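Here the structure comes first, spelled out in structure tokens, and everything after it is commentary.
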2 protein chains.
Amino acid sequence: MPKLGMEPIRRAALVKATIDEIGASGTLDITVSKIAKRAGMSSALAHHYFGGKDQIFLAAMRHTLTVYGAEVRGALIMADNPESRLEAIIRAGFTTSNFRREIVAAWLNFYVLAQSSPQARRLLTVYQSRLRSNLIYNLRPLIADRAAGAAERIAGLIDGLYLRRGLDQSDDAGRDATKHVLALLRAELRGQS
Amino acid sequence: MPKLGMEPIRRAALVKATIDEIGASGTLDITVSKIAKRAGMSSALAHHYFGGKDQIFLAAMRHTLTVYGAEVRGALIMADNPESRLEAIIRAGFTTSNFRREIVAAWLNFYVLAQSSPQARRLLTVYQSRLRSNLIYNLRPLIADRAAGAAERIAGLIDGLYLRRGLDQSDDAGRDATKHVLALLRAELRGQS
DNA sequence: TTCTTTATTGACTCGTCAATCAAGAAAAAC
DNA sequence: GTTTTTCTTGATTGACGAGTCAATAAAGAA
């Protein structure tokens, strides 16, 4: 029963299934068949739409980064001054949805993949640059010349706490991490580090 | 020509070869044969001494953490007051040897492995706990009740900057990261975050 | 010397998996 | 109503890899 216009539907299903499968196994060492089965189709169809395993992974990575980016942008429109924008950026990284097992697993594996896949590396670099420039842009009106260094530290603490807390799936891990990064933000805004 | 007492030699060679192979591929998706070849023996021998791939990985992880722990301890004996001990702990994480491709690759992959292997998780937890308690122990005489929070942030920033800088193999990444964590340390010692 | 322990490997088994392909089936175009 | 395009899969191929095993060889023990 081939309906037309299946391509975007199939692709989306495969991307979601890929992330779920990564979450279930913790690894990128998963098979196309498993992904396809989870998405309700044959492995041949997955190859048909994506061409190969690598492309599927990259699409999953792109999707994860896109969702994250959208979340940040969504949080930003609610804020109307630099300080609350900074707070929004920080909070966006630690929402419960970002702490779901599959999402944590995806991020960790993307870091691993970035070591060997130039395309994955590029995507990760885009994420890191965007986070840094977002921070700097909103820090500059508040602390001018110290903005760059502060942004580096805040970005580093976001990634680091995500890494440390992502593994232990406790439900207040996000709240706790947010608290610490906000504490750093206040210190940066106050002090002369 | 079987000399006796080969076991420790073979095991050490396999552990080193494993880390190098992880560094060369960026993944844990490497074969026992490749590891064994790199270590100058047959894959059967690797199985003989380690029993299986998982055990080899765990041994490599244990070794990496042991070396790191020794580095920290070595740096600590040179320091005779809490503040310089804190500085030593921070510096130890960002030595050039810790920024070698293989070591970064190993750490990233251990984080991934920790999601699915309870034993790997346990090892990583040991590392994280030791770092935190080291920090708290030396922060307490300086800032007493704020020690715990500060330790969490410093540990997070160490891991986060390692993650962010580990990928771009520039040679002053370590110096730069150290600078930022030390800046945070000074802010924590001064301020009331 | 004979026996046992340690070291070592090549060959093999059994399984898995990415990728391909030919073929079928339904919609749309003509 | 025939042809073309889109969608779909089962079956197959070709490769690779973890783990086992029987066999060899040297060193030490008896």
Side-chain angles (χ1 to χ4, degrees), chain A residues 1-61 105 109 112-113 116-120, chain B residues 1-61 105 109 112-113 116-120:
Chain A
M1 51 294 254
K3 306 130 192 174
L4 294 201
M6 291 304 288
E7 177 154 357
I9 297 171
R10 294 303 198 186
R11 290 179 85 100
L14 282 167
V15 163
K16 175 166 189 340
T18 301
I19 294 172
D20 288 348
E21 193 68 25
I22 293 173
S25 78
T27 324
L28 290 187
D29 197 3
I30 54 182
T31 73
V32 175
S33 300
K34 282 254 190 78
I35 296 171
K37 182 171 216 172
R38 194 184 278 266
M41 71 195 80
S42 73
S43 73
L45 197 55
H47 278 100
H48 174 67
Y49 281 124
F50 276 101
K53 210 182 178 182
D54 304 348
Q55 320 273 300
I56 302 183
F57 284 157
L58 286 173
M61 189 165 170
N109 280 288
V112 165
L113 190 61
S116 59
S117 157
Q119 309 189 55
Chain B
M1 52 294 252
K3 307 129 193 174
L4 293 202
M6 291 305 289
E7 176 154 358
I9 298 171
R10 294 303 198 187
R11 289 179 87 99
L14 282 168
V15 163
K16 176 170 187 338
T18 301
I19 293 172
D20 289 349
E21 194 68 25
I22 293 173
S25 77
T27 325
L28 289 187
D29 196 4
I30 54 183
T31 72
V32 175
S33 300
K34 283 253 190 78
I35 295 171
K37 183 172 215 171
R38 193 184 277 266
M41 70 194 81
S42 72
S43 73
L45 198 55
H47 278 99
H48 173 66
Y49 281 125
F50 275 100
K53 211 183 179 181
D54 303 349
Q55 320 273 294
I56 301 182
F57 284 157
L58 285 173
M61 188 166 172
N109 279 289
V112 166
L113 189 61
S116 59
S117 157
Q119 309 191 53

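Convention: sequence-line order gives letters A, B, ...; per-chain numbering from 1. Remember, it's a predicted structure, so these values are computed and weren't measured experimentally.
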**Fill in**
Between NE2 of His48(B) and P of dA7(C) the distance, given in whole Å, is 6 Å

Can you tabulate the close N/O pairs, meaning under 3.5 Å, that link protein atoms to atoms of nucleotides 13-15 of chain C?
none

**Message:** Can you measure Arg11(B) atom CZ to dT6(C) atom P for me and round it to whole angstrom units?
**Reply:** 15 Å

**Prompt:** Does dT6(C) have OP1 or OP2 sitting under 4.0 Å from an N or O in the side chain of Tyr49(B)?
**Reply:** no

Nucleotide N/O to protein N/O under 3.5 Å, stretch nucleotides 19-23 of chain D:
residue : atom : partner  : partner atom : Å
dG19(D) : OP2  : His47(B) : NE2          : 3.2
dG19(D) : OP2  : Lys53(B) : N            : 3.1

**Message:** Just to be sure I understand the rule, does Phe50(A) reach a base, reach only the sugar-phosphate, or reach nothing, if contact means heavy atoms closer than 4.0 Å?
**Reply:** nothing

**Request:** Give the minimum heavy-atom separation between Ala60(B) and Val15(B), together with the two atoms involved.
**Result:** CA-CG1, 3.9 Å

**Ile56(B) CD1 to dG17(D) C1', straight-line distance once rounded to whole Å** = 13 Å

**Asked** Would you say a side-chain N or O of Arg10(B) is under 4.0 Å from OP1 or OP2 of dT6(C)?
**Response** no

**Prompt:** Under the salt bridge (Lys or Arg N to Asp or Glu O under 4.0 Å) test, which residues partner Lys16(B), sequence neighbours left out?
**Reply:** Asp20(B)

**Item:** Strand contacts (DNA chain C) in residues 15-31 of chain A, 4.0 angstrom heavy-atom criterion
**Value:** Ile30(A), Thr31(A)

**Prompt:** What's the verdict on side chain to side chain contact (heavy atoms under 4.5 Å, CB included) for Tyr49(A) and Ile9(A), showing C-alpha distance, side-chain angles and the deciding distance?
**Reply:** CA-CA 11 Å; Tyr49(A) 281 124; Ile9(A) 297 171; over 6 Å; no

**Request:** Please list, chain by chain and in numerical order, all residues satisfying side-chain contact (heavy atoms from CB on, under 4.5 Å) with Gln119(A), sequence neighbours excluded.
**Result:** Leu58(A), Ser117(A), Arg122(A)

**Item:** Separation of dG17(D) P from Ile35(B) CD1 (nearest whole Å)
**Value:** 11 Å

**Prompt:** Met6(A) has an atom CE; how far is it from atom P of dA26(C), in whole Å?
**Reply:** 15 Å

**Request:** Please name the pair of heavy atoms, one in Phe57(B) and one in Leu28(B), separated by the smallest distance, quoted to 0.1 Å.
**Result:** CZ-O, 3.3 Å

**Item:** For atom CG of Leu45(B) and atom C1' of dG10(C), their distance in whole Å
**Value:** 13 Å

**All pairs passing salt bridge (charged side-chain N to carboxylate O under 4.0 Å, His left out) where residues 41-54 of chain A contributes a residue, at least two apart** = none

**Prompt:** Under the side chain to side chain donor-acceptor pair (under 3.5 Å) test, which residues partner Glu7(A), sequence neighbours left out?
**Reply:** Arg11(A)

**Message:** Just to verify, what does Ser116(B) make a side-chain contact (heavy atoms from CB on, under 4.5 Å) with, not counting sequence neighbours?
**Reply:** Leu113(B)

**Message:** If the helix axis at each end comes from five base pairs, how far does the helix from dT1(C)-dA30(D) to dC30(C)-dG1(D) deviate from straight, to 10°?
**Reply:** 10°

**Request:** Enter the distance from Ile19(A):CD1 to Ile56(A):CD1 here, rounded to the nearest 0.5 Å.
**Result:** 12.0 Å

Taking only distance into account, with no hydrogens and no angle test, what donor-acceptor pairs under 3.5 Å do side-chain atoms of residues 37-44 of chain B form with protein atoms, sequence neighbours excluded?
residue  : atom : partner  : partner atom : Å
Arg38(B) : NE   : Glu21(B) : OE1          : 2.6
Arg38(B) : NH2  : Glu21(B) : OE1          : 3.1
Ser42(B) : OG   : Leu45(B) : N            : 3.3

**Closest to the Leu4(B) side chain, choosing from dT6(D), dT6(C), dT9(D)** = dT6(C)

**Item:** Protein-nucleotide distance (Leu14(B), atom CG; dT8(C), atom C1'), rounded to Å
**Value:** 13 Å

**Asked** Between atom CG of Asp29(B) and atom CD1 of Ile22(B), what is the distance when rounded to the nearest 0.5 Å?
**Response** 11.0 Å

**Request:** Can you tell me the distance, in whole Å, between the NZ atom of Lys37(B) and the C1' atom of dT8(C)?
**Result:** 17 Å

**Request:** Locate the shortest heavy-atom distance separating Val112(B) from Asn109(A); write the atom from each residue and the value.
**Result:** CG1-OD1, 3.5 Å

**Request:** First locate atom CZ of Phe50(B), then atom CG of Leu14(B), and finally report the distance between them rounded to the nearest 0.5 Å.
**Result:** 5.5 Å

